[in-house]
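Remember, predicted model here, so these are calculated numbers, not experimental data. Sequence positions, counted from 1, serve as the residue numbers for this chain.
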Amino acid sequence: MLRIVTALLFMAHASMRFVNGSIPQFGAFMESQGFPHGQAWVLAITCCELGAGSLLIINRGVRWAASGLAVIVAAGIWLIHRHSGWFVGEHGTGGSEYSVALLAMLLVVAAHDAAAASRRDSRTDEADPHG
């Protein structure tokens, strides 16, 4: 459930850039932070969020998808949210609180996938007497 909910949160967030037409605004922000071709960066981030979210939903490449999203979240904390303090709602605006929760969710999803792969590998090794 956590894997799917996390995926849906990212996909909803990314989709809103198209719905709200905020890609140019976000691109201008990226350029103000020193990233050339800001809109291209935003499109790449958006495609990564949608693609990685899709991979999480279909349970394929989970560690890679979660890791890619974790990089995006960490960069977002560094570039955007840390300047607004900790809290997002009630006690603040735009802080790091929600992003840190997303980062923790991604780490749990990736760790669960790694543990499941390790269990699968050990069962395969036990079943194969030659290797």
Side-chain angles (χ1 to χ4, degrees):
M1 185 168 93
L2 183 65
R3 175 177 47 82
I4 292 169
V5 168
T6 304
L8 292 173
L9 289 170
F10 275 95
M11 294 174 79
H13 188 80
S15 297
M16 289 310 295
R17 291 190 194 107
F18 291 113
V19 172
N20 289 337
S22 61
I23 289 173
Q25 177 186 358
F26 190 10
F29 169 78
M30 293 295 285
E31 288 178 6
S32 78
Q33 299 300 303
F35 291 86
H37 313 290
Q39 284 193 34
W41 278 99
V42 173
L43 287 172
I45 291 165
T46 303
C47 288
C48 182
E49 289 172 335
L50 293 171
S54 297
L55 289 171
L56 291 177
I57 287 173
I58 64 170
N59 202 21
R60 298 283 185 255
V62 170
R63 278 175 283 168
W64 293 106
S67 296
L69 292 172
V71 169
I72 290 171
V73 171
I77 291 169
W78 182 257
L79 291 171
I80 302 165
H81 302 291
R82 71 185 174 103
H83 302 294
S84 299
W86 177 252
F87 294 105
V88 174
E90 188 179 357
H91 304 293
T93 303
S96 300
E97 169 185 39
Y98 175 71
S99 295
V100 170
L102 283 172
L103 189 56
M105 292 163 68
L106 290 165
L107 294 175
V108 168
V109 167
H112 180 270
D113 184 64
S118 178
R119 286 190 300 273
R120 283 190 303 270
D121 290 345
S122 82
R123 283 194 305 262
T124 302
D125 290 344
E126 291 170 5
D128 182 6
H130 300 292

Peer 1: Dump the intermediate steps for side chain to side chain contact (heavy atoms under 4.5 Å, CB included) on Glu49 and Arg17, then the final yes or no.
Peer 2: CA-CA 11 Å; Glu49 289 172 335; Arg17 291 190 194 107; 2.6 Å; yes

Peer 1: Ignoring hydrogens and angles, tell me if any N or O in the side chain of Glu31 forms a donor-acceptor pair with the backbone of Gly38 under 3.5 Å.
Peer 2: yes

Peer 1: Nearest 0.5 Å please: distance from the CD1 atom of Ile77 over to the CG atom of Leu102.
Peer 2: 8.5 Å

Peer 1: What is the distance from atom NE2 of His112 to atom CG of Leu107, rounded to the nearest 0.5 Å?
Peer 2: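 Between His112 NE2 and Leu107 CG, I get 14.5 Å after rounding to 0.5 Å.
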
Peer 1: Decide side chain to side chain contact (heavy atoms under 4.5 Å, CB included) for Cys48 and Ile72; before the verdict, give the C-alpha distance in whole Å, the side-chain angles of both, and the deciding distance to 0.1 Å.
Peer 2: CA-CA 9 Å; Cys48 182; Ile72 290 171; 3.7 Å; yes

Peer 1: Does a sphere of radius 6.0 Å around CH2 in Trp86 hold more than 12 heavy atoms from other residues, nucleotides or ligands, not counting ones at 6.0 Å or beyond?
Peer 2: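 Yes - once you tally the heavy atoms of other residues, nucleotides and ligands closer than 6.0 Å, there are more than 12.
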
Peer 1: With rounding to the nearest 0.5 angstrom, report the NE2 to OH distance, His13 to Tyr98.
Peer 2: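 Spacing of NE2 (His13) from OH (Tyr98) equals 7.5 Å.
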
Peer 1: For a side chain to side chain contact (heavy atoms under 4.5 Å, CB included) check, start with the C-alpha distance between Thr46 and Phe10, then their side-chain angles and the critical distance, and finish with the verdict.
Peer 2: CA-CA 9 Å; Thr46 303; Phe10 275 95; over 6 Å; no

Peer 1: Are the side chains of Phe35 and Leu79 in contact, using a 4.5 Å heavy-atom criterion?
Peer 2: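 Result yes, sub-4.5 Å side-chain heavy-atom pair found.
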
Peer 1: Any side-chain heavy atom of Leu2 within less than 4.5 Å of one from Val108?
Peer 2: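 A side-chain contact under 4.5 Å exists here.
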
Peer 1: Are Leu9 and Met105 close enough, and set up right, to give a side chain to side chain contact (heavy atoms under 4.5 Å, CB included), and what steps lead you there?
Peer 2: CA-CA 11 Å; Leu9 289 170; Met105 292 163 68; 4.0 Å; yes

Peer 1: If you group Ile, Leu, Val, Met, Phe, Trp and Tyr whenever their side-chain heavy atoms sit less than 4.5 Å apart, what else falls in with Val71?
Peer 2: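 Reading the cluster by chain and number, Val71 sits alone, since nothing else belongs.
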
Peer 1: When you measure from the side chain of Trp41 to the backbone of Pro36, do you find a donor-acceptor pair of N or O atoms at a distance under 3.5 Å?
Peer 2: yes

Peer 1: Do Phe29 and Met16 sit in the same hydrophobic cluster, where Ile, Leu, Val, Met, Phe, Trp and Tyr count as joined when their side-chain heavy atoms come under 4.5 Å apart?
Peer 2: no

Peer 1: Linking I/L/V/M/F/W/Y whenever their side-chain heavy atoms sit closer than 4.5 Å, directly or via other members, would Leu8 and Ile45 fall into one cluster?
Peer 2: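 Both belong to a single hydrophobic cluster.
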
Peer 1: Rounded to the nearest 0.5 Å, what separates atom CD in Glu97 from atom NE2 in His91?
Peer 2: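 Reported value, rounded in 0.5 Å steps: 8.5 Å.
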
Peer 1: Taking CD in Gln33 as the centre, count heavy atoms belonging to other residues, nucleotides or ligands within less than 6.0 Å. Is the count above 12?
Peer 2: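 Yes, because the 6.0 Å sphere around CD of Gln33 holds more than 12 heavy atoms from other groups.
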
Peer 1: Report the distance from atom OG of Ser96 to atom CZ of Arg82, rounding to the nearest 0.5 Å.
Peer 2: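 Rounded to the nearest 0.5 Å, the OG-CZ separation comes out at 9.0 Å.
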
Peer 1: Would you kindly confirm whether Trp64 and Met11 end up in one hydrophobic cluster when ILVMFWY residues are joined by side chain heavy atoms under 4.5 Å apart?
Peer 2: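 Different clusters: Trp64 never reaches Met11 through Ile, Leu, Val, Met, Phe, Trp or Tyr contacts under 4.5 Å.
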
Peer 1: Check whether more than 12 heavy atoms from other residues, nucleotides or ligands sit under 6.0 Å from atom NE2 of His83, and answer yes or no.
Peer 2: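 Yes - once you tally the heavy atoms of other residues, nucleotides and ligands closer than 6.0 Å, there are more than 12.
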
Peer 1: Linking I/L/V/M/F/W/Y whenever their side-chain heavy atoms sit closer than 4.5 Å, directly or via other members, would Val5 and Leu106 fall into one cluster?
Peer 2: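 Yes: a chain of side-chain contacts under 4.5 Å links Val5 to Leu106.
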
Peer 1: Return all side-chain donor-acceptor pairs below 3.5 angstrom for residues 52-63, not counting sequence neighbours, or 'none' if the list is empty.
Peer 2:
| residue | atom | partner | partner atom | Å |
| --- | --- | --- | --- | --- |
| Ser54 | OG | Leu50 | O | 2.9 |
| Arg63 | NE | Asp113 | OD2 | 2.9 |

Peer 1: Which pair of heavy atoms, one from His81 and one from Gly94, lies closest together, and at what distance?
Peer 2: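 That would be ND1-O, 3.0 Å.
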
